[in-house]
There are 2 protein chains.
Amino acid sequence: MPENIATSEAGSPLYLRVRDQLAEQIERGEVTANIKLPSERVLAERFETTRVTARLALAQLEAEGRIYRSNRRGWFVSPPRLIYNPTEDYSFSDNAVTQGRLPRTETLEVRCTVASAWLAGKTGLETGDPVVLVRRRRYLDERPVLVENIYLNSRHLPGIKGFDFNRSLWKLLRDQYSVDLVQKKIEMFPTALVDPQASALSVNAGTAGLCVNRCSRDAAGVFVEFDEEFWLHDTLSIQVNVA
Amino acid sequence: MPENIATSEAGSPLYLRVRDQLAEQIERGEVTANIKLPSERVLAERFETTRVTARLALAQLEAEGRIYRSNRRGWFVSPPRLIYNPTEDYSFSDNAVTQGRLPRTETLEVRCTVASAWLAGKTGLETGDPVVLVRRRRYLDERPVLVENIYLNSRHLPGIKGFDFNRSLWKLLRDQYSVDLVQKKIEMFPTALVDPQASALSVNAGTAGLCVNRCSRDAAGVFVEFDEEFWLHDTLSIQVNVA
DNA sequence: CCGTGATACTGGTCTATACCAGATAAGTGG
DNA sequence: CCACTTATCTGGTATAGACCAGTATCACGG
């Protein structure tokens, strides 16, 4: 990632000068992640301006991924982004641990349902085909960073509903069903998180996020699972290698 | 992309209710892209609130990628995202035309320089190695959607500086140097656009963007070019296939 | 007919203030 | 010592203005 430290000149808007001074303090000072910033009211006073302008500056730093907010608790310095390769099968947990992070997975819901028109279009299923929906929330260092909806082809994965989804799904498919996910179609786009994803991550509606959709098939081309991930925008960096 | 129309209940904040009503009007009414919304002052009056709150609602829709702003001209409905596959070599222009869009490329600068420590770390070059920097701006339907910095290995591409960079770089390398870019390392992360990228795209500092970095090598593993792209967040959807 | 300058309109920035709801810390009673 | 209440601090939402700096328009003068 480039350093990309934008430093504003004297003539630039006040909220950008405040942004830059805060950014500098973050770089210089206690760079340790998850440190709490002074409250908005204190910042406004310190920079001799109002809360509205202070919040503009904070929103800039948030958009850049330097800080994040915890609802009604305050602003905190963002930890480094998790490097994530959606084309490879590996465990979220293993990946996080390798990068010195503490991962945790929470299964929010496991439910039998049927494919919507939208899902059918994404997967090649017919509308109404049976699927198992698994909703999970994942944490890094106890901060929730993503929620996902996993749609499993229940016809090809009998009894899938009974397993423990707090562990790696990829390992489950490999060990219990001898399924290798060799074909994938991945789609990613930045978007705002709205409900229900926003509340599941305890952030305000409109928080910047990244949506990662992944449709996986086995070697024979049979649809196995569709994964719809909603990440907080400052928590990840996608990395893909093409040989 | 999921429909994902968040509809707020009666008890929810005013700016979310305004957001939803505007979103509805966009869906129902003149969905045609690039239509201008009423001015902030008119919206504030129409929803019986203030400009600040109206702007909050507009910022939500902007974050979701539904609308975008043109500096001091107004708010406009966003056109569909360009589907973009950074792992494949094809022309930006061809890709855009295929999707019914009008592309344009502008070369902002061509300059001989040397590799910075940052670039060296990304490419495997030594700091100080000669590179040619090409800065380009690309448009869709006359809206600037990305700026990029291309760093070319001038040792392996003699005379590269003299060519026309408004055309496809990939075709140039293939036709003039018989170079195929078969190895790529791609990194993507959401971030805010700050100067100088923000001003190059005529947006305010802090506008949500997506940074796509691509390091390409030839069949022998020799570094050829590093491409650093800054996209407006609402203009693209990344799509990658893994066979 | 074209250029030009005045003008209205747009979003961009900023002040000052208010109240609310959730999170937290301090205090209190068992 | 713990459980519960209370007070305080936090960001979240909202009002009501103000001035500035570009954009677009239109009438006017050449």
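Note: hydrogens, waters and symmetry copies are ignored here, and every other heavy atom, side chains too, is used. All figures in this text were calculated on a predicted structure; none of them were measured in a lab. All chains are named by letter (A, B, ...) in the order of the sequence lines, taking the proteins before the strands, and each is independently numbered beginning at 1.
A salt bridge is absent between A:Glu106 and A:Arg136: the closest approach of a Lys/Arg side-chain nitrogen to an acidic carboxylate oxygen does not fall below 4.0 angstrom. With respect to the salt-bridge test (charged N to carboxylate O, under 4.0 angstrom), the residues B:Asp234 and B:Arg143 qualify. The residues A:Arg66 and A:Glu27 are annotated as salt-bridged, a charged nitrogen and a carboxylate oxygen being separated by less than 4.0 angstrom.
Here B:Arg55 reaches the OP1 or OP2 of C:dG12: one of its side-chain N or O atoms lies under 4.0 Å away.
Remark: C1' of D:dG22 and CZ of B:Arg69 are 15 Å apart, rounded to the nearest angstrom. Taking atom CG of residue B:Leu58 and atom P of nucleotide C:dT10, one finds them 13 Å apart after rounding to whole Å. Between the P atom of D:dT10 and the CG atom of A:Asn204 lies a distance of 18 Å, rounded to the nearest Å. Rounded to whole Å, the distance from NZ on A:Lys36 to C1' on D:dG11 is 9 Å. When rounded to the nearest whole Å, the span between CZ of A:Arg19 and P of C:dT13 equals 11 Å. What separates CG of B:Leu16 from P of D:dT13 is a distance of 7 Å, to the nearest Å. Residue B:Leu56 contributes atom CG, which lies 13 Å from atom P of C:dG12 at whole-angstrom precision. In this structure, B:Glu40 places its CD atom 15 Å from P of C:dC14, rounding to the nearest Å.
Side chain to side chain, B:Trp75 and B:Glu62 fail the donor-acceptor criterion of an N or O pair below 3.5 Å. Under 3.5 Å, the side chains of A:Ser202 and A:Asn71 contain no donor-acceptor pair of N or O atoms.
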Starting at the 5' end of nucleotides 15-25 of chain C, put B wherever the base has a protein heavy atom under 4.0 Å, S where only the sugar-phosphate does, and a dash everywhere else. BB-BB-BSSS-
A:Thr105 and A:Arg138: side-chain hydrogen bond (donor to acceptor under 3.5 Å, both in side chains), yes or no, with the steps? CA-CA 4 Å; A:Thr105 301; A:Arg138 303 192 119 165; 3.0 Å; yes
